[in-house]
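Notes follow the structure.
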Amino acid sequence: MSTEPCPLIIAIDGPAGAGKSTVAARLASRFGLLNLETGAMYRAFALKALEQHIEPTNGAALEQLAASTNIRLEPTPSGNRVLLDDIDVTARIRQPDVTQAASQVSVHPAIRRWMVDLQRELGAGGGIVMEGRDIGTVVFPHADIKVFLDASPEARSERRYAQAGGAGSQEAILREIRERDERDRTRAQSPLKPAPDAVVIDSTNLTLDQVVARIESLVTARLDAHHGHASHVDASSAPREG
Ligand code: DC
C-alpha cells in the first residue's frame, strides 16, 4: 500500500537558460519530490553518438545506436547523476560539444519516442518534478501542474554568462541560445511550446525567488485539493483544450 503523501507530477518546460533546473530543484526539495532532468538524457545519448562518431543528423544510425544504449538518471539532492551504459557522465554532458549534439539528436522522431517511453517509466509513480521541452505536451499531458518557464534570449544569455563566472563571450552564448531555440521550437515532432493548459511564466524581470513562490502557490493549491477538499482546484486560468 502506498504511503506517498505527494504523488504529484509537476511538468516544467521551457527554452535553454530559462532557469528550469534551478526552479525544479527548489520545488523538489520543498515538496519532497524527485527531480528528473530529461535534457540530461538527450545529452547522454548525444555523447554516445559523438564517441561512436555517428553524425547527429543520421537518424537511422542513431536509432540503431539507441537499441543498445542504457541511460539512467539518479536524482540526488545536488542534481541528477547521469549514467550512460553504467558510466557516470554527469560532468561530461555539460560540455559545449554535447550541448550542440543533444539539440541535434533530439529532432529525430524515433529517438524522441524512445526517450518519452523511458521518461514515462521514470515518472510512473508520481511524486516528481520533470523538466524538459515536451513534458506537459507529450510525456505527461495529464500532469497535475504544468509550467512553461520563459525569458528573453538576452536575459537567458546573461544568466548563463554569469553562471560560467564570466568565462567565454556573452555574444557567443546568445548566438548559441538563439540557434537552439530555433531548432527546438521548429522541429516537426513535439516542438517546444506551452501546453494549452500550462501556466506561462516569463521570468525576464523576475527573481528566482519570485518564480519559485509563484509555482509553490500553484502546488499548494493543488495539494489542498488532493487532501480532501471536494472542490476541484484549477491551477491555471487558461482556457480548456478543444
Ligand atoms: O535542457 P537541456 O539544455 O539539458 O537539453 C538539451 C537538449 O535536449 C535541448 O537542446 C533540447 C533537447 N531536449 C528535448 O528535446 N526534449 C526534452 N524533454 C529535453 C531536452
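Every number for a ligand or one of its atoms is a count from 1 in the order of the listing. Computed over heavy atoms, backbone and side chain alike; hydrogens, waters and symmetry mates excluded.
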Ligand 1 to Thr38 polar contact by distance, N or O atoms, under 3.5 Å: yes
Heavy-atom nearest neighbour of atom 2 (P) of ligand 1 within options Gln104, Glu37, Met41, Arg133: Arg133
Pair Gln104, Thr57: side-chain N/O donor-acceptor within cut-off below 3.5 Å: no
Under 3.5 Å: N/O of Gln119 near N/O of ligand 1: no
Pair Thr22, Arg159: side-chain N/O donor-acceptor within cut-off below 3.5 Å: no
Straight-line distance of Leu33 CG to Ile128 CD1, nearest 0.5 Å: 8.5 Å
Proximity to ligand 1 by part of Ser106, non-hydrogen separation under 4.0 Å: side chain
Close N or O approach (Arg187, ligand 1; < 3.5 Å): yes
Thr207 versus Asp209, side-chain donor and acceptor atoms under 3.5 Å: no
Residue-ligand contact Arg112/ligand 1, heavy atom below 4.0 Å: yes
Geometric N/O contact Thr99 with ligand 1, under 3.5 angstrom: no
Any Arg94 heavy atom less than 4.0 Å from ligand 1: yes
